[in-house]
2 protein chains.
Amino acid sequence: MQKTSPPVQDYLKTIYELTREGRPASTNAIAERLRLQPASVTGMLQRLAARQPPLVTYRKRHGVQLTPAGRRVALEVIRHHRLLETFLVEKLGFRWDEVHEEACRLEHVISERMEERIAAVLGDPLFDPHGAPIPRADLTLPQREELPLTQVPGGSRIRILRVPDDDPALLRRLDALQLRPGTEARIRTQSPLEAVVTLEVAGRPPIPLGYPVGALVFVEVLS
Amino acid sequence: MQKTSPPVQDYLKTIYELTREGRPASTNAIAERLRLQPASVTGMLQRLAARQPPLVTYRKRHGVQLTPAGRRVALEVIRHHRLLETFLVEKLGFRWDEVHEEACRLEHVISERMEERIAAVLGDPLFDPHGAPIPRADLTLPQREELPLTQVPGGSRIRILRVPDDDPALLRRLDALQLRPGTEARIRTQSPLEAVVTLEVAGRPPIPLGYPVGALVFVEVLS
DNA sequence: TACTCTATTTAGTCTAGACTAAATAGAGTA
DNA sequence: TACTCTATTTAGTCTAGACTAAATAGAGTA
C-alpha cells in the first residue's frame with residue numbers, strides 16, 4: 001500500500017462520508033465539501049482511480065465509490081481525527097468547538113504509534129466528544145441505532161447521541177443550550193411543513209431547531 | 001508575516017542550527033542536513049531571500065544567515081519541536097529515542113493554541129527530554145553554561161546536561177549506559193590524540209566515548 | 001600567470017495538486 | 001426530433017519544491 005498525501009486523505013474521507021448511504025459521490029458534492037473547483041476534483045478522481053491499488057472506482061459522469069483499499073485509508077484517517085478530537089478535549093482542555101480544525105491538520109501526520117498511545121491513554125474510547133463513532137484499531141465501527149432529530153415523532157422522549165463537529169458557532173450554541181450527547185429531551189412538536197422540531201429539556205424553555213440543523217443531530221428514542 | 005510551509009520551516013530550522021556560532025551556513029551543509037541536492041538548496045535560498053519580508057540574507061557563494069523574521073520562525077518551530085518531544089515522553093509514554101521523528105512532523109501543523117496548551121500541561125518546561133533548551137513563548141532561550149564533553153579536562157567531575165536527539169540508536173545506547181541529562185560522572189581520561197574521552201559513573205565500569213559522539217554531549221563542570 | 005579542484009550556481013525538467021476557460025454528455029423540455 | 005440547461009470533463013496553465021546535467025567562481029597550487 002502506497003503512502004497517501006494529506007490532500008488524497010481528505011478526498012477519501014469526504015467520499016467516505018458522501019457515500020454512507022450507498023450511492024456514489026458526485027464530483028460537485030466533493031468539490032463543495034472540500035471547497036475546490038469541480039475541474040480539480042475530476043483530475044484527482046482520475047488519479048485516485050488510476051493508482052495501484054485503485055483507491056476509488058470512478059465512472060465518468062456517474063460519480064465515485066471507495067474501493068476496499070480506499071475505505072481502509074478513509075477509516076484510518078477518521079480514526080485519527082476522532083481520537084485526536086477526544087484527546088484534545090479530554091487531556092489538553094480544548095473546548096469542543098475548537099478541536100475540529102486542529103484534528104484536521106494533525107490527522108494526516110500522526111504515526112500509528114502515536115494513534116495507539118492516544119487510544120491507550122483515553123482507554124480506547126468508542127465515541128468522540130461530539131458523539132461520532134471512532135473506528136476501532138481493526139477499522140470496524142461501533143454500531144448503534146440513531147435517527148436524525150427530524151425523523152422522530154412528536155411526543156417521543158429522546159437522548160442526544162451525536163452532533164456535527166465542523167461548525168464551531170453551532171457547537172457553541174448547542175453547548176449554551178445544553179444540547180450535548182447524553183442530554184435527554186422530549187420532542188414537543190415535530191413540524192415537517194414548517195421544517196421545525198421543538199425540544200423540551202427538563203423544565204427549561206422549549207428549543208426550536210430548523211430542519212437543516214435538526215437533520216444533523218442524531219438521537220436514540222427512549223419512549 | 002506570511003505563512004511558511006513545512007519545507008521552508010525545515011530550512012529555517014537547519015540554518016538556525018548551522019549558524020549558532022555566528023558564521024553563515026553553506027549551501028552544502030544545509031543540503032547534507034536536509035538530505036537534498038545542493039542545487040535544490042540554492043533555489044530555496046534564493047526564494048527565502050526574495051520573500052517579503054526576507055527570511056534570510058543570502059550572498060551568492062558566501063552562505064546564508066537568518067533575518068530577524070527568519071529567526072522568529074525558526075525559534076517558533078524549535079519551540080514546537082521541543083515541547084512536543086517533552087509532551088510525547090511525559091504524557092504519552094514514548095521512549096526518548098522515538099520522539100524526534102514524530103515531533104519533526106507535528107511541529108509544522110500544531111496551532112499556537114495547541115502549543116500553549118501543551119506548554120501549560122507540562123508546566124512550561126525549559127528543557128526537553130534530551131536536555132535541549134525550549135524557547136519560551138516570547139522566543140527567548142534559557143541560557144546556561146555548557147561544554148562539549150571533549151573540552152573538559154581529565155579528572156573533572158561533570159553533570160550531563162544535553163545529548164543529541166536525532167539518532168535513535170545512539171539514544172538507546174546512551175540510555176543503556178545510563179548517560180542521561182542529570183547523570184553525574186568523572187572524566188577518567190581525556191585523550192585528544194586518540195580522540196577518546198572516558199567517563200566513570202559511580203562504581204560502574206569506565207565508559208569510553210569517541211570524539212564524534214563526545215562532541216555532541218554537553219555537560220556542566222562540577223569541580 | 002595559467003591550472004585545477006571543489007563548492008556552488010544556472011538551466012532545464014518533473015510532479016502533485018490546484019486553477020480558468022471552453023467543450024460536451026445526458027437529462028429534461030419544447 | 002431538435003433545444004436547453006446543468007453537471008462534468010477536457011485542455012491548458014501555474015506554483016512550490018524537488019531533481020539532473022552542465023557551467024562557473026574562487027581558492028589554492030604549479
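Small disclaimer: the values here were computed from a predicted structure and weren't measured. Below, chain A is the first sequence line, B the second, and so on; all start at residue 1.
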Q. Can H130(A) and H100(A) be said to form a ring pair (Phe, Tyr, Trp, His ring centres under 6.0 Å), step by step?
A. CA-CA 10 Å; H130(A) 313 97; H100(A) 177 70; 7.8 Å; no
Counting only side-chain nitrogens and oxygens, does [X] get under 4.0 Å of the OP1 or OP2 atom of [N]?
X      : N       : result
T27(B) : dT9(C)  : yes
N28(A) : dT8(D)  : yes
Q37(A) : dA18(C) : no
Y11(A) : dA18(C) : yes
S5(A)  : dG17(C) : yes
S40(A) : dC19(C) : yes

From [atom1] of [X] over to [atom2] of [N], roughly how many Å is that when rounded to an integer?
X      : N       : atom1 : atom2 : value
I30(B) : dG17(D) : CD1   : P     : 15 Å
K3(B)  : dA16(D) : NZ    : P     : 14 Å
D10(A) : dA18(C) : CG    : C1'   : 14 Å

**Q.** Ring geometry between F87(A) and F87(B) (parallel below 30°, tilted from 30 to 60°, perpendicular above 60°)
**A.**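 Judged by the thresholds at 30° and 60°, the geometry between F87(B) and F87(A) is perpendicular.
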Q: Examine R47(A) relative to Y58(A) and say whether NZ or CZ is less than 6.0 Å from the centre of the six-membered ring and inside a 45° cone about the ring axis.
A: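 Because its charged atom misses either the 6.0 Å distance or the 45° angle limit, R47(A) does not stack over Y58(A).
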Can [X] and [Y] be counted as an ion pair, charged N to O under 4.0 angstrom?
X       : Y       : result
E146(A) : R162(A) : yes
R95(B)  : D97(B)  : yes
E98(B)  : R113(A) : yes
E107(A) : R105(A) : no
R79(A)  : E76(A)  : no

Q) Do S26(B) and N28(B) pass the side-chain hydrogen bond (donor to acceptor under 3.5 Å, both in side chains) test, and can you show the C-alpha distance, the side-chain angles, and the key distance before you say yes or no? A) CA-CA 5 Å; S26(B) 73; N28(B) 269 10; over 6 Å; no
Q. For DNA chain C, what string of dots and brackets results from 5' to 3' when Watson-Crick and G-U pairs need both distances under 3.5 Å, crossing pairs get [ ], and pairs with another strand get |?
A. ||||||||||||||||||||||||||||||
Q | Members of residues 42-63 of chain B that approach DNA chain D, where some heavy atom sits under 4.0 Å away | A |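 M44(B), R47(B), R61(B) - these, ordered by number, are the residues of the stretch whose heavy atoms sit under 4.0 Å from the strand.
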Q | Among dC19(D), dG17(C), dT8(C), the one nearest P7(A) by side-chain distance | A | dG17(C)
